[in-house]
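Starting from 1, each residue takes its place in the sequence as its number.
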Amino acid sequence: MDKIAFVVGILAVALYFIGYLQKERIKIIIVNATSRLLYIIQYILLGAFEGAVLDIAGIISSLLAGKKNIAFIKKHTRLVMLLVNLLIVAMGLLLYENVYSLLPIAGVLLHTGAFWIDDERVIRIISFLGSPFWLVYNFVSGAYGSCIGDVLSMISIAISMYRYDIKKSPSATDVR
């Protein structure tokens, strides 16, 4: 079962890695949600149910953030965000086993919370901050494919931050 979980984790990693290479917010969200489905399967195979449940909550939050321009959500954005975050925290605390159980709560809150923001640069920064929490949880849970993914996602996000946020393309006024 561990080998199957590792393969599923690697597939999840590939999608997660590709996600932050996307330039547009909605594409980042869609690829991230698909990756999370594979992570859920991996956690179930490993018996790491907190990771699975928090990734389900993460998908819900990500999808709602992706639909934040729908009239109801747009009108009640703060309330929807608050309720989703309370759900994430409550689910995580209900499944509490040890101090490591708190790490995926923080990781999900950061990763999915970033998607409520319109600025892609800020999405990348906040998402980067969520990855170390998952890295430690995944290592302790035996989700080694996900550990590889956490490292690669931090590298991917860093590359995207450089590519889209730091490196400036020459403007038309610079042409002589």
**Request:** Would you kindly confirm whether Phe139 and Val99 end up in one hydrophobic cluster when ILVMFWY residues are joined by side chain heavy atoms under 4.5 Å apart?
**Result:** yes
**Connected via hydrophobic side-chain network under 4.5 Å: Ile155 and Val13** = yes
**Asked** Taking only residues two or more places apart in sequence, or in another chain, which ones meet Ile56 in a side-chain contact (heavy atoms from CB on, under 4.5 Å)?
**Response** Ile40, Ile60
**Fill in**
Residues pairing under side-chain hydrogen bond (donor to acceptor under 3.5 Å, both in side chains) where one sits in residues 101-114, two or more places apart or in two chains, turn out to be Tyr16-His111, Glu50-Ser101, Ser61-Thr112, His111-Ser131
**Message:** According to a hydrophobic-cluster definition based on side-chain heavy atoms being under 4.5 Å apart (Ile, Leu, Val, Met, Phe, Trp, Tyr only), do Val80 and Ile26 belong together?
**Reply:** no
**Request:** Using the test side chain to side chain donor-acceptor pair (under 3.5 Å), find all partners of Asp150 that sit at least two apart in sequence or belong to another chain.
**Result:** Asn138
**Message:** I'd like to know if Leu82 and Ile70 are part of one continuous hydrophobic network [Ile/Leu/Val/Met/Phe/Trp/Tyr, side-chain heavy atoms within less than 4.5 Å].
**Reply:** no
**Prompt:** Among pairs that include at least one residue of residues 65-86, which meet ring pair (Phe, Tyr, Trp, His ring centres under 6.0 Å), considering only residues two or more places apart or in two chains?
**Reply:** Phe72-His76
**Request:** Would you mind checking if Arg36 and Asp55 are paired as a salt bridge, meaning a charged N to carboxylate O distance below 4.0 Å?
**Result:** yes
**Item:** salt bridge (charged side-chain N to carboxylate O under 4.0 Å, His left out) partners of residues 126-135, not counting sequence neighbours, each pair once
**Value:** none
**Prompt:** If two hydrophobic side chains count as joined below 4.5 Å and joins carry through other members, does Ile30 share a cluster with Ile18?
**Reply:** no
Exercise answer: donor-acceptor pairs, residues 1-10 side-chain atoms, under 3.5 Å, sequence neighbours excluded:
none

**Request:** Kindly state each residue pair satisfying salt bridge (charged side-chain N to carboxylate O under 4.0 Å, His left out) with at least one member in residues 80-107, sequence neighbours excluded.
**Result:** none
**Request:** Sequence neighbours left out, what passes side chain to side chain donor-acceptor pair (under 3.5 Å) with Asn69? Give chain and number order.
**Result:** none
**Message:** As a quick check of understanding, evaluate side chain to side chain contact (heavy atoms under 4.5 Å, CB included) for Val108 and Trp134, giving each step before the final call.
**Reply:** CA-CA 8 Å; Val108 169; Trp134 276 110; 3.2 Å; yes
**Request:** Quick one: which residue pairs count as a ring pair (Phe, Tyr, Trp, His ring centres under 6.0 Å) with a foot in residues 82-108, not counting sequence neighbours?
**Result:** none
**Complete:** So salt bridge (charged side-chain N to carboxylate O under 4.0 Å, His left out) across residues 70-84, not counting sequence neighbours, yields none
**Complete:** Taken in chain and number order and not counting sequence neighbours, the residues that satisfy side chain to side chain donor-acceptor pair (under 3.5 Å) with Ser156 are none
**Fill in**
Residues passing the side chain to side chain donor-acceptor pair (under 3.5 Å) test with Lys67, sequence neighbours excluded, are none
